[in-house]
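Written below as structure tokens is the structure these notes are about.
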Amino acid sequence: MQLTFGDAEGLGQRKKTRRELFLNEMDQVVPWKRLLALIEPHYPLTGRRGRQPYALTTMLRIHFLQQWYALSDPSMEEALYDTAVMRRFAGINSLDRIPDETTILNFRRLLETHGLGGKMLEAVNAHLQRQGLSLRAGTIVDATIIHAPSSTKGRSEQICTKSDGSAGRWLASLRSIRHTLKAPPCN
């Protein structure tokens with residue numbers, strides 16, 4: 001895979017991230033050839049009319065990324081645009097070759113329809129056991145900021161008139177984020 005200038009810029013003397021180290025390790029540990037052989041009979045062939053399918057290797061690696069990082073289909077597509085490490089792991093060398101969320105969904109459905117998820121898990125577990133490794137569950141958090149309109153109309157006047165301890169805490173919070181809420185100053 002040929003790197004873009006943006007991808008190659010920081011490859012020289014920089015520190016490798018935990019994600020990069022993890023994906024490098026998974027690249028070595030996962031039995032990719034065995035998994036590809038399981039899926040290949042069910043995957044659409046290239047050379048047909050219309051839009052050509054993405055490389056099976058790319059879609060399988062994207063599926064694993066999605067599972068490891070607990071990403072939805074839209075989040076996976078976005079992560080591929082955002083993260084060069086994930087693109088490299090998936091074998092994507094151009095931003096215009098990133099599968100959209102529907103393509104990612106269709107690949108997952110193909111695996112589910114043919115019952116390949118369980119077979120893939122068995123193959124991975126057997127491979128890991130032969131190498132003396134074990135699979136443990138863990139959580140990688142994908143935080144999303146949800147923009148919602150704030151309902152602060154009339155709130156600052158009510159807070160300023162209260163005299164109990166909770167009003168003081170609210171007042172301190174309000175003062176610290178006044179520029180965000182655009183609340184009038186309390187006297």
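Residues L105 and I62 do not share a hydrophobic cluster, clusters being chains of Ile/Leu/Val/Met/Phe/Trp/Tyr side chains in contact below 4.5 Å. L128 and L35 fall within the same hydrophobic cluster, where Ile, Leu, Val, Met, Phe, Trp and Tyr residues are linked whenever their side-chain heavy atoms come under 4.5 Å apart, directly or through other members.
Distance check, rounded to the nearest 0.5 Å: CD1 of I39 to NE2 of H63 gives 7.5 Å.
Counting all heavy atoms, side chain and backbone alike, T58 lies closest to G91 at OG1-O, 4.2 Å. Minimum heavy-atom separation, I104 to P99: CD1-O, 3.9 Å. A pairwise comparison of heavy atoms in M59 and Y43 identifies CG-OH, 3.4 Å as the closest pair. The two residues M120 and L60 come nearest to each other via the heavy atoms CE-CD1, 3.9 Å.
Under the rule for a side-chain hydrogen bond (donor to acceptor under 3.5 Å, both in side chains), E101 has no partner lying at least two apart in sequence or in another chain. Looking at residues two or more places apart in sequence or on another chain, you find a side chain to side chain contact (heavy atoms under 4.5 Å, CB included) between D100 and E77, T102, T103. Partners of H114 by side chain to side chain contact (heavy atoms under 4.5 Å, CB included), not counting sequence neighbours, listed by chain and number: H42, L110, L116. Scanning for side chain to side chain contact (heavy atoms under 4.5 Å, CB included) contacts around E78 gives D82, with sequence neighbours left out. Residues that satisfy the ring pair (Phe, Tyr, Trp, His ring centres under 6.0 Å) test with F64, not counting sequence neighbours, are W32, W68. In this view, E112 and R108, R109 satisfy the side chain to side chain contact (heavy atoms under 4.5 Å, CB included) rule, not counting sequence neighbours.
For R87 (side chain) and I92 (main-chain N/O), no donor-acceptor pair under 3.5 Å exists by modelled atom type. When atom types are taken as modelled, the side chain of S72 and the backbone of S75 share a donor-acceptor pair closer than 3.5 angstrom.
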I'd like a table of donor-acceptor pairs (distance under 3.5 Å, sequence neighbours excluded) in which one partner is a side-chain atom from residues 22-31, with atom names and distances.
unit_1 : atom_1 : unit_2 : atom_2 : d
N24    : ND2    : E20    : O      : 3.3
D27    : OD1    : R61    : NH1    : 3.0
D27    : OD1    : R61    : NH2    : 2.6

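Between F89 and V85 the shortest side-chain heavy-atom distance does not fall below 4.5 Å.
For residues 30-43, no pair satisfies salt bridge (Lys or Arg N to Asp or Glu O under 4.0 Å), with sequence neighbours left out.
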